[in-house]
There are 2 protein chains.
Amino acid sequence: MPAKDAFAIGALSAETGVNIETIRYYERIGLLRKPARSAAGYRLYQAGDVARLCFVRRARDLGFSLEDVRRLLALADRKSRSCEAAKEIAEAHLEAVRAKLADLRQMERVLAATVKACGSGTVPDCPLLGALGRLA
Amino acid sequence: MPAKDAFAIGALSAETGVNIETIRYYERIGLLRKPARSAAGYRLYQAGDVARLCFVRRARDLGFSLEDVRRLLALADRKSRSCEAAKEIAEAHLEAVRAKLADLRQMERVLAATVKACGSGTVPDCPLLGALGRLA
DNA sequence: TGTTGCGTCTGTAGTCGCTACAGGCTGTAC
DNA sequence: GTACAGCCTGTAGCGACTACAGACGCAACA
């Protein structure tokens with residue numbers, strides 16, 4: 001018996017800001033459990049599903065992979081007192097973020113310098129293209 | 001008539017640091033032109049191909065999309081005196097890089113704070129999981 | 001009672017930039 | 001001759017969606 005306050009996928013999408021197709025995708029890959037269905041086959045969600053999907057969205061916003069999200073969800077479900085496992089996941093991810101940050105900063109520096117070298121575009125032999133390499 | 005100093009794909013890969021499969025991929029999508037072939041069908045490259053592929057690699061290292069790389073290559077080929085078009089591409093990309101940088105910095109801040117809140121993992125009710133949202 | 005128009009369904013294919021096979025041919029060294 | 005590395009094509013997989021096509025459901029309004 002689906003509760004009275006059940007709602008369809010469009011409402012869940014609106015509530016969480018997660019695309020409808022993405023919600024179905026999450027279900028397909030087993031990140032979200034399969035919801036109840038109406039007689040016509042419509043997915044029927046409840047308040048708990050909103051919370052769960054918001055959790056996923058926040059984790060995704062923080063850049064966690066879906067695999068990480070899956071693990072974090074499992075941990076949150078288990079309500080284990082200590083959060084060592086969660087912390088491990090987050091720390092590993094934080095390191096990855098910092099590595100990517102360093103890469104991007106480097107890119108930014110080089111790009112900015114290169115663009116600047118181009119000045120107003122009146123330089124003969126574009127230094128930007130030159131920086132990438134002479135062809136033949 | 002392929003020049004005497006022609007070499008196969010493995011050498012091009014070693015020379016440029018670009019994976020063999022990636023080179024073939026670049027050729028398939030038309031980023032690199034099709035090289036001459038030996039009697040047995042082996043790809044035969046020349047010095048110019050090394051320069052070209054290095055150009056691609058540097059651009060990729062700077063985060064340009066393959067579509068951007070394609071355009072930059074075309075510009076470099078045209079040897080047009082002014083580099084306005086190249087500058088436009090680079091500036092647009094630089095902006096995208098900066099946007100991503102801002103995103104990542106935000107992620108880093110939140111993640112670092114969250115991990116820190118977890119402390120040594122002895123806190124009851126993991127604040128990390130809590131930050132993502134209560135389930136049920 | 002239509003019919004309009006949106007919402008939802010499934011299933012498949014496309015995106016980006018590779019990467020990894022499988023299964024076969026080539027070229028060289030011993 | 002035979003072992004073994006290198007090369008070939010073609011296809012499928014990755015992550016995380018996104019975008020259809022084509023069919024059905026449902027509520028409102030004339």
Between [atom2] of [N] and [atom1] of [X], the distance in whole Å:
X	N	atom1	atom2	result
A/Leu31	D/dA16	CG	P	10 Å
B/Leu53	C/dG17	CG	P	15 Å
B/Phe64	C/dC16	CZ	P	17 Å
B/Ile29	C/dG14	CD1	P	16 Å
A/Tyr45	C/dG7	OH	P	16 Å
A/Leu44	D/dG25	CG	C1'	13 Å
B/Ile9	C/dT26	CD1	P	17 Å

Does anything in residues 12-27 of chain A come within less than 4.0 Å of DNA chain D? Heavy atoms only, and list the residues if so.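 Within this stretch, A/Asn19, A/Glu21, A/Thr22, A/Tyr25, A/Tyr26 sit under 4.0 Å of the strand.
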Side chains of residues 55-67 of chain A: which donor-acceptor pairs under 3.5 Å do they make with residues two or more places apart or in other chains?
unit_1, atom_1, unit_2, atom_2, d
A/Arg57, NE, A/Thr16, O, 2.8
A/Arg57, NH1, A/Asp61, OD2, 3.3
A/Arg58, NH1, B/Leu132, O, 2.3
A/Arg60, NH1, A/Phe64, O, 2.4
A/Ser65, OG, A/Glu67, N, 3.4
A/Ser65, OG, A/Asp68, N, 3.0
A/Glu67, OE1, A/Arg70, NE, 3.3

Is any side-chain heavy atom of B/Leu32 closer than 4.5 Å to a side-chain heavy atom of B/Asp49?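 A side-chain contact is absent here, since even the closest heavy-atom pair is not under 4.5 Å.
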Pairwise 5' ranking along DNA chain D for A/Arg28 and A/Ala39, keeping only the more 5' one: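 Closest to the 5' end, via its nearest nucleotide, is A/Arg28.
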Chi angles and distances behind the side-chain contact (heavy atoms from CB on, under 4.5 Å) call for B/Asp77, B/Arg52: CA-CA 10 Å; B/Asp77 278 338; B/Arg52 205 171 179 78; 2.9 Å; yes
Cluster check A/Tyr26, A/Phe7: I/L/V/M/F/W/Y, side chain < 4.5 angstrom: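 Same cluster.
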Just to confirm, is there a sub-4.0 Å distance from OP1 or OP2 of C/dT10 to any side-chain nitrogen or oxygen of A/Arg43?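 A/Arg43 to C/dT10 OP1/OP2: side-chain N or O found under 4.0 Å.
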Under-4.0 Å side-chain N/O to phosphate OP1/OP2 contact, A/Arg57 with D/dC17: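 Indeed not, no polar side-chain atom of A/Arg57 lies that close.
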Does the base of D/dG6 carry an N or O that pairs as donor and acceptor with the side chain of B/Tyr42 under 3.5 Å?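 Yes, the side chain and the base share a sub-3.5 Å donor-acceptor pair.
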Please round to the nearest 0.5 Å and tell me the distance separating atom CZ of B/Arg28 and atom NZ of B/Lys34.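 So the CZ of B/Arg28 and the NZ of B/Lys34 are separated by 11.0 Å.
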State the CG-CG distance between A/Leu12 and A/Leu44, to the nearest 0.5 angstrom.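 Between atom CG of A/Leu12 and atom CG of A/Leu44 there are 11.5 Å.
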Residues A/Tyr45, A/Leu53; criterion side-chain contact (heavy atoms from CB on, under 4.5 Å); working and verdict: CA-CA 11 Å; A/Tyr45 296 98; A/Leu53 189 48; over 6 Å; no
Under 4.0 Å, heavy atoms only, any strand: does B/Ser65 hit a base, just the sugar-phosphate, or nothing?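 Sugar-phosphate only.
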For B/Leu101 and B/Arg105, what are the C-alpha separation, side-chain angles and deciding distance, and is it a side-chain contact (heavy atoms from CB on, under 4.5 Å)? CA-CA 6 Å; B/Leu101 212 38; B/Arg105 273 199 261 262; 3.6 Å; yes
Could you write out each protein N or O paired with an N or O of nucleotides 28-30 of chain C at a distance under 3.5 Å?
none

Any ion pair linking B/Lys100 and A/Asp103 (charged N to carboxylate O, less than 4.0 Å)?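 A salt bridge is absent here (no side-chain N lies under 4.0 Å from a carboxylate O).
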